Structures are given as C-alpha cells and as structure tokens.
Amino acid sequence: MGLSSAAGNHAKGRVARILCAGMMMLALAGCDDGQDWHATNLTGAFPPLHFSMTRADDGKQVTEADYRGKAVLLYFGYTFCPDVCPTTLSHISNILDRMGKSADDVRVLFVTVDPNRDTLPDLKRYADAFAPQVDALRGTPNELAALAKRYRVAYTVRPAKDDSEYEVSHGSAVYVFDGEGRIRLLFSSLSRAQPDMDGMTADLERLTREDSGGGWLSRIAAWF
C-alpha cells in the first residue's frame, strides 16, 4: 500500500513538472518573440553549421563539432582581397574588442575561396593580424563548394598567369550561428565604412548570454 501510494505521488509529481515545463516553454517563447535583433534574423532559414576543413593555425582537420559551445561567425574571403575582406575583419575585431570577456565565447571562421593561392601559412598570418578569435580555414575545392552551396554563397575564381589579371569575387555577408550550430543571424553591412557596430555588438553579446546559460530547453530538460 505504501509503495503504491509513493508511486502514485511520483507520477503526479512528474505530470505536474511536465505541465509546468510546457507553460514555461510558452512563456519563454513569447518573451523571445518580443525581442528584435539588430541584424537580419535567419533562424530556421538555413541548415545547421556543417563542414570539414583544415585549420591554418595548427594544420588540424576540423569540423563544426570543434566549435560547439561558441557563437560562430562564418565569412568567405581570401587573403589577396584588397578592401572588402580586411574591412569586414577589422570591423569584426572591433566588435570583439567591445565585447570584452564575452568575446571568448565567439569564434570567427574565415574560409578562403582561393585555396590555390592561399596557403596555410599565409592564412595563419592573415588571421593573426586581426583577432585571436579568428580561425582561417582552407578546404579542397569540393569541401569549399559544399559549404558555399549549403549557405547559398556565390564566389568565382578566374586564375591567370599575370597576378594583375587574377579575378576573385565573393559575397560579403557574415553568417552567425549559436553555440549549438544553429543559424541565427546575418550581418550584411560589415564591409561598409560605417556599419551598425553598436547593434551587432549587442546581438553577439545577447547570443553569447543565451549560450552560456545552456539554453532554456536544456534547463527544462534537466528537471526530468
């Protein structure tokens, strides 16, 4: 009799927790909907982060799993880029400086669209010139094409014997993923002279706060 009563109380308690969790999920979802991002919200518009490439810093083959738990900025460019790439990465470095300690929870993946010329040592020197959070990645033509296609990034490379005729073009957008690899935002103005630095800094700080909290779904799941 005692055992049956205890089991019944346990079942009732579990049902109560489930109902409470459901109410919390609705409440939290409503709160999140009420907060606008400064950047373009891409939540659910693209698949999660997924890639396999060589990291210039240590020559290691890395995947999205190596960056789990960090907010990730994904940007395509090349080291010979005369203006757009250095401008974009300089602005990102500025944002990271503004974030202070919370910048430790951010990683910037600079993916070269010109692997024929961008060697790993060149990419390492280039990334080191901006911020410690910047990792330069180099993939095979197939790895690069797969990642670019996944996020609809257009790029072209027209090699020539004369470097002055070597043509490279690529998109300037920066894709932002949360700590679980889900697409969240698009920074589209970082190649401009005066982008919305305050807004993008606030967005990244908010994203790192969400990630450091483990996410409200995981906190609710821990009850069971």
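This is a predicted model, so every value here is computed, not measured.
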Novice: Taking the basic N atoms (NZ, or NE/NH1/NH2) and the acidic carboxylate oxygens, is any pair closer than 4.0 Å for Glu210 and Arg184?
Specialist: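 Arg184 and Glu210: salt-bridged.
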Novice: Do Leu120 and Arg138 make a side-chain contact, defined as non-hydrogen atoms from C-beta onward lying under 4.5 Å apart?
Specialist: yes
Novice: Listed by chain and number, what are the side chain to side chain donor-acceptor pair (under 3.5 Å) partners of Asp114, not counting sequence neighbours?
Specialist: Arg117, Tyr166
Novice: Would you say Thr140 and Asn142 are linked by a side-chain donor-acceptor pair, where the criterion is simply a distance under 3.5 Å?
Specialist: no
Novice: Which pairs, with at least one residue in residues 145-158 and sequence neighbours excluded, count as a side-chain hydrogen bond (donor to acceptor under 3.5 Å, both in side chains)?
Specialist: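 Listed by first then second residue: Thr156-Ser169.
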Novice: Scan residues 113-134 for pairs that pass ring-ring contact (aromatic ring centres under 6.0 Å, His included), counting only residues two or more places apart or in two chains.
Specialist: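 Counting only pairs at least two positions apart or across chains, the ring-ring contact (aromatic ring centres under 6.0 Å, His included) contacts touching residues 113-134 are Phe110-Tyr126, Tyr126-Phe130.
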Novice: Looking at side-chain heavy atoms only, is the closest gap between Thr112 and Leu137 below 4.5 Å?
Specialist: no
Novice: Determine all donor-acceptor pairs shorter than 3.5 Å in which one atom belongs to a side chain in residues 192-199; sequence neighbours excluded.
Specialist:
unit_1 : atom_1 : unit_2 : atom_2 : d
Asp196 : OD1    : Gly199 : N      : 2.9
Asp198 : OD1    : Arg98  : NH1    : 2.5

Novice: Could you tell me which non-hydrogen atom of Val106 sits nearest to which non-hydrogen atom of Lys70, and how far apart they are?
Specialist: N-CD, 4.4 Å
Novice: Just by distance, with hydrogens left out, do Asp105 and Thr208 show a side-chain donor and acceptor under 3.5 Å apart?
Specialist: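 Short answer, no.
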Novice: Report yes or no: do Ser102 and Glu205 form a side-chain donor-acceptor pair below 3.5 Å?
Specialist: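 Absent: no donor and acceptor within the cut-off.
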Novice: Is the shortest side-chain heavy-atom distance between Leu89 and Tyr75 below 4.5 Å?
Specialist: yes
Novice: Against Leu190, only a single residue in Ile95, Val84, Asn94 fulfils side chain to side chain contact (heavy atoms under 4.5 Å, CB included); can you say which?
Specialist: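 The option that passes is Ile95.
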Novice: Should the pair Arg55-Asp58 be classified as a salt bridge under the 4.0 Å nitrogen-to-oxygen rule?
Specialist: yes
Novice: According to side chain to side chain donor-acceptor pair (under 3.5 Å), who are the partners of Lys60, at least two apart in sequence or on a separate chain?
Specialist: Asp66
Novice: So, do His170 and Tyr78 sit near enough that their side-chain heavy atoms are less than 4.5 Å apart?
Specialist: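 Sidechains of Tyr78 and His170: in contact.
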Novice: Thr119: which residues meet the side chain to side chain donor-acceptor pair (under 3.5 Å) condition with it, sequence neighbours left out?
Specialist: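 With sequence neighbours excluded, Thr119 shows a side chain to side chain donor-acceptor pair (under 3.5 Å) to Asp122, given in chain and number order.
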